[in-house]
Amino acid sequence: MKNVYIETLGCQMNKSDSERIAGILSHFGYIETNNEKNADLLIINTCSIRQLSADKAYSQLGVWGKRKKTNPEIKIAICGCVAQQDKEKIKKRAPYIDLIFGTHNIYELPELIKRVENGEKVCSITNKPYIADQNNFKIIRKPSVNAWIPIIEGCNNFCTYCVVPFTRGRERSRNPEEILKEAQNIIKEGFKEITLLGQNVDSYGKDLNDNNITLANLLRKMNSLEGDFRIRFVTSYPSDITDDLIDAVGECEKVCKYFHIPMQSGNSRILKEMNRHYTKEQYYEIVSKIRSRFPDVAITSDFIAGFPGETEEEFQDTLNAIEELKLDYSNTAAYSPREFTKAGKMIDKFLPEEVKYERLERLNEKNREMCLKSNEKFINKKMRVLVENKTEKNGKITLNSRADNNKIVHFESDKINIGDFAYVKVTKAQTWCLYGEPV
Ligand code: SAH
Ligand code: SF4
Ligand code: F3S
């Protein structure tokens, strides 16, 4: 038996990939450890969405490289989005690396790992036009009430700032039977929430040449599976949210009334420069359609501050959008130039760092303000929640839960347990969470 330690950076897709990597390696005698000091094999699953994320990968490799000097038996591997993109750079900066594998090459691990064990330095980065069948191997999921299922990988949109189409390739959907089989296993194992994952989850099925394979129909099929669980899906691309998808969310009682729909900018000129396929007005329309259908829905978004050439007025449109749309929460980031991307080449339009970060600060301030307002709407309302974990302080147990609309709700109870669904009346709202009591 050998120990493998996996450090995972980046999005939920990477976290899900790491669970699959741990599962595959378990067939070859590797047990996952939380203690990197015990590991025979160290893996870093990397993210390159912003420079900062990519830098983290290299600094971790540096630390592990030093460890390998005193203990040359240790094997070091890198995978994920930086690996897919940067193999030459990695070989140069970390020549001690034993294994580099790309986002498309996870299912080659059985062969790759054998070669590494035989002392070979291995690198496998290819683009595959399909997603490998994922049900042949174990998946070692992290202890949680939630389980992830990737349903579509890759991206065809080529937003001008974004590296994902280069690190994840073109959109590839898994077939619905395989997804449903995975979902059934998850429910049998006792998970209470399933999150369907995709860089553009609402593009699901477009590449499969069957008009009946859509996210809406997949939700309907998942909803009809037996069991006490709920369903989420992320991330939605605004203009790919169809009326049929909204209908399906309405029809399916297990599907959470929650949408994560990144807007990126509240200004139509910037959206066009970003190559987003919608205008500010179209985004507003989608939000209003969803809100009028589901009164207690939460809609969350992502925004980038300081895209190349963004003027102060254009940035103001973003602040206005967050306010006018009453967005329930937004992820925010300062624009970070990425290699290969179109915007990354607009060097003469780059804004000074201090302008980007000052805008980011105002974006965050607006986000905090709107989150609090959004949370205050729920005071005195009854919400269904799923308990995720508990904390004990001074003999008092607090249950930490998430409502169907993804709001975090804390409450006290000694009768309700982790993994239980419960109804809670909200008594207090703060910026990032709600407090309530069981009803
Ligand atoms: N597919 C999703 C987003 C995936 S990337 C969508 O289309 O909305 C997650 C988030 O990272 C993006 O929504 C964007 O806000 C941010 N992001 C991507 N590239 C970035 C960059 N170069 N600089 C700053 N933020 C970036
Ligand atoms: Fe990146 Fe745009 Fe694709 Fe989202 S839709 S992953 S932001 S290129
Ligand atoms: Fe990062 Fe790759 Fe996800 S770049 S955000 S880990 S798809």
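Both ligands and their constituent atoms are indexed starting at 1 by order of listing. Residues take their numbers from the sequence shown, with the count starting at 1.
In the model, T311 has a side-chain atom that pairs as donor or acceptor with a side-chain atom of E314 under 3.5 Å. There is no side-chain donor-acceptor pair under 3.5 Å between Y278 and D240. Side-chain contact, S374 with D328: a donor N or O sits under 3.5 Å from an acceptor N or O. A donor-acceptor contact closer than 3.5 angstrom links the side chains of T103 and Q84. Between the side chains of T300 and Y258, a donor-acceptor pair is found at a separation under 3.5 Å. Using modelled atom types, one finds no donor on one side chain facing an acceptor on the other under 3.5 Å when comparing T8 with N14.
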Where does ligand 1 get N/O contacts under 3.5 Å from the protein, atom by atom?
from     : atom 1 : to   : atom 2 : distance (Å)
ligand 1 : 1 (N)  : Q199 : O      : 2.7
ligand 1 : 7 (O)  : R276 : NH1    : 3.0
ligand 1 : 8 (O)  : Q264 : NE2    : 3.2
ligand 1 : 13 (O) : Q264 : NE2    : 2.7
ligand 1 : 13 (O) : D302 : OD2    : 2.6
ligand 1 : 15 (O) : Q264 : OE1    : 2.7
ligand 1 : 22 (N) : Y161 : O      : 3.0
ligand 1 : 22 (N) : S336 : O      : 2.8
ligand 1 : 23 (N) : S336 : N      : 3.0
ligand 1 : 25 (N) : R50  : NH1    : 3.2

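At least one heavy atom of Q199 sits under 4.0 Å from some atom of ligand 3.
The side-chain contact (heavy atoms from CB on, under 4.5 Å) check on H27 picks up F137, K138, with sequence neighbours excluded.
Electrostatic pairing of E117 and K114 does not count as a salt bridge here, judged by no charged N lying under 4.0 Å from a carboxylate O. Salt-bridge check for E312 with R362: passed, with a basic side-chain N closer than 4.0 Å to an acidic carboxylate O. Contact check on E324 versus K366 returns no salt bridge, with no Lys/Arg side-chain nitrogen under 4.0 Å from an Asp/Glu carboxylate oxygen. In summary, K206 and E171 do not engage in a salt bridge, as defined by a charged side-chain N under 4.0 Å from a carboxylate O. Ion pair R269/D317 not flagged as a salt bridge, since none of the NZ, NE, NH1 or NH2 atoms sits closer than 4.0 Å to an Asp/Glu carboxylate oxygen.
A cation-pi geometry, defined here as NZ or CZ lying under 6.0 Å from the six-membered ring centre and within 45° of its normal, holds between R384 and F421.
For atom 2 (Fe) of ligand 2, the neighbouring protein N/O/S atoms at less than 2.8 Å, given as residue and atom, are C159 SG. Around atom 2 (Fe) of ligand 3, the protein contributes the following N, O or S atoms under 2.8 Å, ordered by chain and number: C81 SG.
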